[in-house]
Student: 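Before we start, here is the structure in question, set down as structure tokens.
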Amino acid sequence: MSRSAHPAGPRHADVLPEGHYTAPAEDLNALDPKVWARTVGRDADGVVTVGGIPVTQLAEEYGTPAYLLDEADFRERARAWRTAFGDGADVFYAGKAFLSRAVVRWLDEEGLNLDVCSGGELATALSAGMPAERIAFHGNNKSPEEIERAVRAGVGRIVLDSFQEIVRVAHIAQSLGRRQRVQIRITVGVEAHTHEFIATAHEDQKFGIPLAGGHAAEAVRRALQLDGLEVIGIHSHIGSQIFDMSGFEVAAHRVVGLLKDIRDEHGVELPEIDLGGGLGIAYTSDDDPREPHEIAKALTEIVTRECEAARLATPRISVEPGRAIVGPTAFTLYEVGTVKPLEGLRTYVSVDGGMSDNIRTALYDAEYSVALASRTSDAEPMLVRVVGKHCESGDIVVKDAFLPGDLAPGDLIAVPATGAYCRSMASNYNHALRPPVVAVRDGAARVVVRRETEEDLLRLDVG
Ligand code: LLP
């Protein structure tokens, strides 16, 4: 949560708890490059543009709400991760953040691998031509059908999440005459969220096999005995929206400790270690994420140091960033429907979407920024809450923000950093039609995921 130490803006300041609200930026028309996709700017008329196209034009062509995705930015960020880790490591984009066939092709072209966590994501990846050997298959309860499909397709790795799954995957692979490359996902007792990590507390969750109590070692022991499996490494994912590298440091230390124990007990040095994803992005100007090259350097140094201390050859590292690649590359464009000042409180701005296209505010108390996009304004800032059109008072898109005081129905507003976990977690609540994803690049726009129609909804409702 970003919290400004400044008092609230000129309106309603007297009734607001001190320090609770982000102060208005010096200039509400300014677009902080930290939170906006790289090709976003304003044209001579003050209209926000992306990839050289004004949002007014995009709204006219594709309607609102819409996710506008900056393809050049996506490719640049993907490439930056790839380059930062170099040939000695692998970058798996976490498809759960946002996946479409266009995205799969961009990843393929930029040399990234792909992490999928369901049959649906696997189908999307394969249908867009991602080579199966560059796909990692995750999930804490993969169905036998999903496992069989992944093994048959020849996925590069399946990440095993439980004792039952070790046996299940081994059995399926063997019955297909295959030896499946697998990693074993462990929980190292570190939970990292933003700045904090709580050591030892986090075995209490559904993912992975606990390192504590020797469970992870036992899982490796069993997996090594099964003919259907080739154990290639250990996997650890410690959390989401992380800025502080110390959680990774503890995780790497513990994973390498396990690799050492495996070497001592079985005489095998597992060749890979996957440190998962979770790297944070800027949702507001208060967030300061690290660059991929800094993250790559830090992680590589940590693993190398830990392995040297344990007298192990440094394994091949892989990472699984999702949010850090796609998050900043898209924003959601909404049209303002109503502006309702509540005297002494704040102004409620209702847009034509809401919790069905961005559940993160309601679900995680997430913070977002917002800007007037169809024009600039010199009006006094007003404290707003941007809300959706759903039948629920928790239907909030941006909890606290400032917009120009002359905001009116028909204006377009844009919420940045919605590339990750917004379209992918979108719902049809209240039979909302999920918005399209429009990719914009070099002055050209194209729909990569189309808007749902009432026909789509009714097609599922078979009476
Ligand atoms: N690898 C594994 C094994 C994961 O479980 C996840 C995310 C990732 C990679 C990618 O994490 P990222 O780099 O995107 O943070 N819906 C939540 C986030 C859930 C993340 C679940 N796992 C949100 O909207 O914040």
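As the structure lists them, so they are numbered: ligands from 1, and atoms in each ligand from 1.
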Student: Which ligand 1 atoms are under 4.0 Å away from a heavy-atom of Ala94?
Tutor: 8 (C), 9 (C), 10 (C)

Student: On a heavy-atom basis, I'd like to know which of Glu320, Lys96, Gln241 is closest to atom 4 (C) of ligand 1.
Tutor: Lys96

Student: With sequence neighbours left out, what residues match Thr314 under side chain to side chain contact (heavy atoms under 4.5 Å, CB included)?
Tutor: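 Checked Thr314 against side chain to side chain contact (heavy atoms under 4.5 Å, CB included); matches are Val303, Thr304, Cys307.
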
Student: Below 4.0 Å, non-hydrogen atoms only: which portion of Asp115 touches ligand 1? Side chain, backbone, both or neither.
Tutor: side chain

Student: For Ala324 and ligand 1, answer yes if some heavy atom of the residue is under 4.0 Å from a ligand atom, otherwise no.
Tutor: no

Student: Pick one of side chain, backbone, both or neither for how Pro321 approaches ligand 1, counting any non-hydrogen atom pair under 4.0 Å.
Tutor: backbone

Student: Which protein non-hydrogen atom lies closest to atom 16 (N) of ligand 1, naming both residue and atom, and how far is it?
Tutor: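 Of the protein heavy atoms, Tyr364 OH, 2.8 Å lies nearest.
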
Student: Please state whether Gly278 comes within less than 4.0 angstrom of ligand 1, counting heavy atoms only.
Tutor: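 Per 4.0 Å heavy-atom rule, Gly278 contacts ligand 1.
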
Student: State whether Asp161 and Lys206 are salt-bridged, where the test is any N-O pair (Lys NZ or Arg NE/NH1/NH2 against Asp/Glu carboxylate O) under 4.0 Å.
Tutor: no

Student: Less than 3.5 Å between some nitrogen or oxygen of Gly322 and one of ligand 1, yes or no?
Tutor: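 Yes.
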
Student: Enter the distance from Ile234:CD1 to Gln183:CD here, rounded to the nearest 0.5 Å.
Tutor: 8.0 Å

Student: For His235, counting its heavy atoms only, list the atoms of ligand 1 lying under 4.0 Å from any of them.
Tutor: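 Ligand 1 atoms under the 4.0 Å threshold to His235: 3 (C).
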
Student: Which residues pass the side chain to side chain contact (heavy atoms under 4.5 Å, CB included) test with Leu226, sequence neighbours left out?
Tutor: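 Partners of Leu226 by the side chain to side chain contact (heavy atoms under 4.5 Å, CB included) criterion, ordered by chain and then number, come out as Ile166, Ala170, Leu229.
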
Student: Using 0.5 Å steps for rounding, measure from the CD1 atom of Ile209 to the CD atom of Glu165.
Tutor: 8.5 Å

Student: Regarding atom 25 (O) of ligand 1: of the candidates His237, Arg360, His138, Met425, which has the closest heavy atom?
Tutor: Arg360

Student: Is the distance between the ring centroids of Tyr93 and Phe74 under 6.0 Å?
Tutor: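 Yes, ring centres under 6.0 Å apart.
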
Student: Hey, which atoms in ligand 1 end up nearer than 4.0 Å to a heavy atom of Gly277?
Tutor: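 In order of number, 1 (N), 9 (C), 13 (O).
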
Student: Any side-chain donor paired with an acceptor under 3.5 Å for Glu392 and Tyr429?
Tutor: yes

Student: How long is the span from the CE atom in Met245 to the CD atom in Glu301, to the nearest 0.5 Å?
Tutor: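 One gets 10.0 Å once the value is rounded to the nearest 0.5 Å.
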
